[in-house]
Structures are given as C-alpha cells and as structure tokens.
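Below is one structure; the comments refer to it alone.
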2 protein chains.
Amino acid sequence: MINSDNAKAQMRKGVLELCILSILSQGEAYPTEIIDKLKETKLVVVEGTLYPLLTRLKNTGLLSYRWEESSSGPPRKYYFLPEIGQNYLNELQLSWIELVNAVNTTIQNTK
Amino acid sequence: MINSDNAKAQMRKGVLELCILSILSQGEAYPTEIIDKLKETKLVVVEGTLYPLLTRLKNTGLLSYRWEESSSGPPRKYYFLPEIGQNYLNELQLSWIELVNAVNTTIQNTK
DNA sequence: TATAGTACCTTGCTATACATAGTAACTAAA
DNA sequence: TTTAGTTACTATGTATAGCAAGGTACTATA
C-alpha cells in the first residue's frame with residue numbers, strides 16, 4: 001500500500017497558525033503548554049516549528065507576551081492575544097470553515 | 001486590518017491532491033474540466049499548479065489516463081483512478097476527516 | 001559541584017504551491 | 001489566410017511551512 005503519511009503532513013500545514021491563535025484566545029500560555037494542548041487533539045508539533053511561528057506572529061503584532069518567573073526552571077514567556085490578534089483569528093476561523101465546506105462538497109459529490 | 005489572504009492560501013495547500021483524486025473517483029476528466037469543477041467549490045487552481053500535480057500522481061501510479069479526440073480542439077488527456085489510486089484516496093479522506101475533527105476541537109474549546 | 005529537568009531559540013533542509021511566461025497543436029469562423 | 005478559441009505541456013524563480021537537530025540558559029537537588 002502506498003504511504004499517505006506525507007500527504008497527511010501536507011494537509012496539516014496551514015492550520016497550525018489557526019490552532020495556536022485559537023488556543024491563546026482561551027487564555028495565555030507558554031510554548032510547552034501550547035505543544036501539550038495540541039497533542040491532546042493529535043496535532044503534534046515540535047519546538048522547531050512552534051518557536052519560529054510564535055516569533056513571526058509576535059513580530060507582526062498578532063501576539064504579545066510577558067515574562068513570568070517559574071519555580072521549576074527558567075522563566076516562561078506567556079503569550080496572549082491582543083485585540084488585533086483576536087480580530088485576525090476571527091478571519092482565520094471563517095476561512096477554515098469555508099475551506100472545510102469546499103473540500104467536503106468535493107468529496108461528497110464522489111459518493 | 002491585517003490581511004489573512006496568505007494564511008488562507010496556506011490552508012488550501014495540501015488538500016488539492018485530495019480534491020483532485022476525489023473528482024476523478026467520480027469519473028474520468030481532463031485537466032480543464034478538473035479546474036472548472038474546483039472553481040465551482042471556490043478552490044481556484046491554475047494550470048501551473050495542476051499539471052505538475054497530475055504528472056506526479058501519474059508517475060507514482062495513483063493516476064492513469066487515456067487520449068481522446070475532441071471535435072473542438074486538440075486531443076484531451078482523460079485521467080482516471082486505477083484501483084490503487086482509489087485505495088489511496090480512501091486513506092486521504094480518512095486523514096482529512098481526522099484533521100477536521102482535531103482542528104474543530106481546538107477551535108471550539110475557545111468558545 | 002555535577003546532574004537532571006525545564007524552557008527558549010537557531011540553522012539548515014525538504015516539499016509544496018504559486019506566479020508568470022512561454023511553446024505547440026488542432027478546429028472553426030471571419 | 002488569418003484570427004480566435006481550446007487544450008496540453010514546460011520552465012523558472014519565489015514564498016512559505018514544517019521538520020530535524022543542535023545550542024544556550026536557568027533552577028533545584030543530590
């Protein structure tokens with residue numbers, strides 16, 4: 001059987017930004033927490049993916065962060081959504097719904 | 001307002017293969033037809049994207065084609081799914097459903 | 001002091017799709 | 001004969017995402 005793992009990975013791309021912003025709209029979190037939450041829904045992400053993405057979102061103003069001391073290690077960067085990020089997230093969620101509808105229409109016609 | 005067009009485009013990537021195979025599992029079609037069907041569901045694709053993708057799928061054995069004369073232009077390449085392609089499509093559809101569930105779970109937790 | 005655990009970050013790589021532009025062949029109508 | 005329309009195909013450069021692997025730094029505890 002032909003392996004579909006790569007195609008699977010390709011489909012995951014592009015939705016990470018949406019998922020991360022969604023998680024942060026729930027409340028602030030630091031990177032390790034974000035990774036754990038994504039794991040719960042089977043969207044596995046590694047640090048090498050997450051950190052550059054967070055930095056990019058911060059540089060465009062869609063995310064902010066504050067430092068907080070930790071009693072169990074180095075200080076943590078707690079990220080949170082400013083209002084502009086929340087607005088952007090709303091747009092992304094709309095786009096996601098439209099995409100799902102478009103793909104499902106295409107798939108369902110085949111049955 | 002920050003533009004979400006790029007994020008939109010990124011989300012579309014990776015599902016194209018699924019959509020094209022789904023369309024062909026409905027019955028054979030030639031590239032221009034495929035583009036038109038994708039347009040119907042707002043998944044706009046241009047030739048420069050479609051042709052390399054069809055060639056890749058054909059080279060891995062997931063697609064086949066036959067030539068057919070046309071009364072309104074040059075002969076058309078009708079693509080269709082051999083059985084192995086159908087099996088692969090079934091895997092992709094499963095992956096798609098899993099992805100949608102994972103993302104929707106993440107989004108819905110934020111409300 | 002040394003080690004383990006936690007946390008942040010960087011660099012180099014691959015794959016995909018896009019934009020754009022071009023070639024070629026066939027049909028039909030002006 | 002020329003033009004327009006249809007169809008297939010190719011080539012090149014760009015942007016982006018995500019991954020693998022490794023490095024840096026802080027804290028607590030043995």
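Residue numbers start from 1 in every chain, and the chains themselves are labelled A, B, ... in the order their sequence lines are given, proteins ahead of strands. Everything numeric in this text was worked out from a predicted model, so none of it was measured.
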Spacing between [X] atom [atom1] and [N] atom [atom2], to the nearest angstrom:
{"X": "A:Ile35", "N": "D:dA20", "atom1": "CD1", "atom2": "C1'", "result": "14 Å"}
{"X": "A:Asp36", "N": "C:dG5", "atom1": "CG", "atom2": "C1'", "result": "14 Å"}
{"X": "B:Met11", "N": "C:dC18", "atom1": "CE", "atom2": "P", "result": "14 Å"}
{"X": "A:Glu68", "N": "C:dC8", "atom1": "CD", "atom2": "C1'", "result": "16 Å"}
{"X": "A:Trp67", "N": "C:dA7", "atom1": "CH2", "atom2": "C1'", "result": "9 Å"}
{"X": "A:Glu69", "N": "D:dA28", "atom1": "CD", "atom2": "C1'", "result": "14 Å"}
{"X": "A:Leu50", "N": "C:dC9", "atom1": "CG", "atom2": "C1'", "result": "11 Å"}
{"X": "B:Arg76", "N": "C:dT27", "atom1": "CZ", "atom2": "C1'", "result": "12 Å"}

Residue mapping more 5' on DNA chain D - nearest nucleotide basis, A:Leu16 or A:Glu47: A:Leu16

First of A:Ser72 and B:Gln10 reached from the 5' end of DNA chain D, by closest nucleotide: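 Looking at DNA chain D, the more 5' nearest nucleotide goes with B:Gln10.
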
Evaluation steps, side chain to side chain contact (heavy atoms under 4.5 Å, CB included), between B:Asn90 and B:Leu94: CA-CA 6 Å; B:Asn90 292 339; B:Leu94 258 173; over 6 Å; no

Sugar-phosphate, base or nothing in reach of B:Pro52, heavy atoms under 4.0 Å: nothing

Touch class at under 4.0 angstrom, heavy-atom based, for A:Ser71 against every strand present: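 The answer is sugar-phosphate, as A:Ser71 gets under 4.0 Å only of primed atoms, P, OP1 or OP2.
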
B:Tyr78/B:Tyr65 aromatic ring centres below 6.0 Å: no

Please confirm whether the shortest side-chain N or O distance from [X] to OP1 or OP2 of [N] is below 4.0 Å.
{"X": "A:Lys77", "N": "C:dC9", "value": "yes"}
{"X": "A:Tyr51", "N": "C:dT10", "value": "no"}
{"X": "B:Thr32", "N": "D:dA8", "value": "yes"}
{"X": "A:Arg12", "N": "D:dC19", "value": "yes"}
{"X": "A:Tyr30", "N": "C:dC8", "value": "no"}
{"X": "A:Thr49", "N": "D:dC19", "value": "yes"}

Cation-pi check, A:Lys77 onto A:Tyr30 ring (under 6.0 Å, within 45° of axis):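 Ring-cation test returns no.
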
Test item: A:Asn101 and B:Thr41 side chains (from C-beta on) under 4.5 Å apart, heavy atoms: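 A side-chain contact under 4.5 Å is absent here.
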
Which residue lies more 5' along DNA chain C, comparing A:Pro74 with B:Pro74 via nearest heavy atoms: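 Nearest-nucleotide comparison on DNA chain C picks A:Pro74.
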
Check ion pair A:Arg76-A:Glu33 (N to O, under 4.0 angstrom): no

